[in-house]
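Following: one structure in structure tokens, then a few remarks.
Hydrogens, waters and symmetry mates are skipped; everything else that's a heavy atom, side chains included, is used. Positions are given from 1, in the same order as the sequence printed here.
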Amino acid sequence: MPRPNILYIHSHDTGRYIQPYGHDIPTPNLQRLAEQGVLFRQAFCAGPTCSPSRAALVTGQSPHSSGMIGLAHRGFRLDDYGHHLVHTLRDAGYYSALSGVQHVAAEPEIIGYDEILGRGGTSERRREAHLAAADFLRHPPSQQPFFLSVGFVETHRVFPEPGPEDDPRYCLPPGPLPDTPETRYDMAAFTTSARALDEKMGVVFAALEETGLAENTLVICTTDHGIAFPRMKCNLQDSGIGIMLIMRGPGGFTGGQISDALVSHVDIFPTLCDLLEIAPPEWLEGVSLMPYVRGEQKTARDAVFSEVTYHAAYEPMRCVRTDRWKYIRRYDERLLPVLPNCDDGPSKDLWLAHGWAERPYAREELYDVIFDPHETDNRAGDPAVQPVLEGLRERLDRWMADTHDPLLDGFVPPPPGAKVNDPKGRSPRQEPMSGAEFVALRRERG
């Protein structure tokens, strides 16, 4: 059989809040995909912000290693776009196409796709990403396998009004939030957006079936990070770094399997190299999942790492997570919520009304994710678990050193021309300042 086609289909801000993960959010097309493939229940992003997360998947590097430490549309970029997956696949004979959102370059032409699909301007192209992708699948390149990236704006804020099937009165908010009218309404609106996402993904999956391409196409279905609610997106708790990941197709990704192995986005690139028998580039930091999928290993890795440097504002923090423990460390002098890094919405307004802006964070956090899955009991000061704390602290330090994390040298400035918000700002809608202005502000504040 020839090398498989690859469909990388991805969403905005979905976390694991879809039907296959047990949530009351009807996504029948994603449920069907999970029942046909492999559902990874312990998959994590390498950075719970939009561009860093996606960059990690397509480069196989942590965000700080690839240079994507902030948002592409605000002036952050990869150090080397030649590290993008499409270039390695092109050398192996693949044709590459992009439909919809990509979020690793201010202009998609920079990346190096063979074809950018779309019908008109940027906003229209995003709305119709599923239709353009389906058209591509009906007329694929005839003499070579393809890599097709299809990105959706759903479930990014601003959410649509809740539909008639998503009555807020009977909706349960996500775990970190209280059950109130505001949070129920917010989650009902998210659910309506998730329905739209599933319908659009279903159009692409149907085109795969109709054209007979499904049998020899590896589907990689994922999202960038947690949902856009307080203490989720842009946070290093599992509610922020936990992601949906469903893979279906050649290589053993079939049969409705459930995996509880720790998996990171940085593992996708090396997995593809292994599956396609391509020499892995020297810069890859992830591990191949193929030995695990083939049953040669009982697990894929024993820990995952994730990070934030910039989102709308500067908020440097890093974490390491094992099967049992999560360790988070903050590196800035500011230990209060960085409000611009939380998307505006009813749930954020509720927290702000009850004093969220004045609730301090700890410099170090240690959570037992077996007995404390919502990560609310910080054990960093507990003498009984000091050996665990010291071991994870050392492991995080070693990973940062091995991957040449610039945060080890102190403040990480934004690149020239980048736009960032004041961390003390109350809203992400405030006018962002230039990187130079932000550095000057930090110096002024000491």
Please tell me whether [X] and [Y] have a donor and an acceptor in their side chains that are separated by less than 3.5 angstrom.
X: His64; Y: Thr403; result: yes
X: Glu161; Y: Thr192; result: no
X: Glu315; Y: Asn341; result: yes
X: Ser53; Y: Asp224; result: no
X: Ser239; Y: Gln237; result: no
X: Tyr292; Y: Arg294; result: no
X: Ser62; Y: Arg318; result: no
X: Ser193; Y: His156; result: no
X: Tyr21; Y: Gln19; result: no
X: Thr223; Y: Ser11; result: yes
X: Tyr185; Y: Thr180; result: no

Say you draw a straight line from [atom1] of [X] to [atom2] of [Y]; how long is it, rounded to the nearest 0.5 Å?
X: Arg334; Y: Tyr314; atom1: CZ; atom2: OH; answer: 13.5 Å
X: Thr14; Y: Ile243; atom1: OG1; atom2: CD1; answer: 10.5 Å
X: Ile328; Y: Ile241; atom1: CD1; atom2: CD1; answer: 7.5 Å
X: Ile6; Y: Ile220; atom1: CD1; atom2: CD1; answer: 6.0 Å
X: Ile9; Y: Leu148; atom1: CD1; atom2: CG; answer: 8.0 Å
X: Tyr81; Y: Ile111; atom1: OH; atom2: CD1; answer: 6.5 Å

Measure from the side-chain N and O atoms of [X] to the backbone N and O of [Y], and report whether any donor-acceptor pair falls under 3.5 Å.
X: Asp372; Y: Asp377; answer: yes
X: Thr299; Y: Ala261; answer: no
X: Glu182; Y: Asp349; answer: no
X: Lys348; Y: Leu339; answer: yes
X: His84; Y: Val86; answer: yes
X: Ser306; Y: Cys45; answer: yes
X: Thr49; Y: Cys234; answer: no
X: Asp267; Y: Ser264; answer: yes

Could you check Val150 against Leu98 for side chain to side chain contact (heavy atoms under 4.5 Å, CB included), going step by step and ending with a plain yes or no? CA-CA 6 Å; Val150 188; Leu98 166 68; over 6 Å; no
Tell me if the [atom1] atom of [X] is crowded by more than 12 foreign heavy atoms within 6.0 Å.
X: Glu277; atom1: CD; value: no
X: Glu296; atom1: CD; value: yes
X: His374; atom1: NE2; value: no
X: Asp382; atom1: CG; value: yes

For the pair [X] and [Y], find out whether any cationic side-chain nitrogen is under 4.0 Å from an anionic carboxylate oxygen.
X: Asp368; Y: Arg324; answer: yes
X: Arg363; Y: Glu333; answer: no
X: Arg395; Y: Asp302; answer: yes
X: Glu364; Y: Arg393; answer: yes
X: Arg169; Y: Asp167; answer: yes
X: Asp166; Y: Arg195; answer: yes
X: Asp332; Y: Arg442; answer: yes

Less than 6.0 angstrom from the centroid, inside 45 degrees of the normal: does Arg330 satisfy that with respect to the ring of Tyr361?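 Yes, Arg330 lies over the aromatic ring of Tyr361.
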Is it true that the NZ or CZ of Arg321 lies under 6.0 Å from the centre of Phe305's six-membered ring and within 45 degrees of the ring axis?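 Arg321 over Phe305 ring: no.
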For [X] versus [Y], what's the shortest heavy-atom pair and its separation?
X: Tyr94; Y: Asn5; value: CE2-CA, 4.5 Å
X: Glu307; Y: Pro63; value: OE1-CD, 3.4 Å
X: Ser347; Y: Leu177; value: OG-CD1, 3.7 Å
X: Thr222; Y: Tyr8; value: CG2-CE1, 3.9 Å
X: Leu350; Y: Thr183; value: CD2-CG2, 3.8 Å
X: Ala34; Y: Pro20; value: CB-CB, 3.9 Å

Begin from the C-alpha positions of Val385 and Trp325 and carry the test side chain to side chain contact (heavy atoms under 4.5 Å, CB included) through to its verdict. CA-CA 11 Å; Val385 294; Trp325 298 95; 3.8 Å; yes
For the residue pair Gln102 and Ser149, establish whether any side-chain heavy-atom pair is separated by less than 4.5 Å.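 Counting from C-beta outward, Gln102 and Ser149 never come under 4.5 Å.
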Residue pair Pro414 / Val439, side-chain heavy-atom distance below 4.5 Å: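 They are in contact (side-chain heavy atoms under 4.5 Å apart), so the answer is yes.
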Table please: side-chain donor-acceptor pairs of residues 245-253 below 3.5 Å, with sequence neighbours left out.
unit_1	atom_1	unit_2	atom_2	d
Arg248	NH1	Gln36	OE1	2.5

Only one of Arg54, Lys233, Arg157 forms a salt bridge (charged side-chain N to carboxylate O under 4.0 Å, His left out) with Asp13, so which one is it? Lys233
Could you walk me through whether Val304 and Val263 pass side chain to side chain contact (heavy atoms under 4.5 Å, CB included), step by step? CA-CA 7 Å; Val304 294; Val263 172; over 6 Å; no
In terms of relative ring orientation, are [X] and [Y] parallel, tilted or perpendicular, with 30° and 60° separating the classes?
X: Phe76; Y: Tyr310; value: tilted
X: His83; Y: Trp283; value: parallel
X: Tyr113; Y: Phe147; value: parallel
X: His23; Y: Tyr17; value: parallel

Would you please test Val388 and Leu392 for side chain to side chain contact (heavy atoms under 4.5 Å, CB included) and show each step? CA-CA 6 Å; Val388 175; Leu392 291 178; 4.1 Å; yes
Would you please indicate yes or no on a ring centroid separation below 6.0 angstrom for Phe411 and Tyr331? no
Taking only residues two or more places apart in sequence or in another chain, which ones pass side chain to side chain contact (heavy atoms under 4.5 Å, CB included) with Gln257? Val38
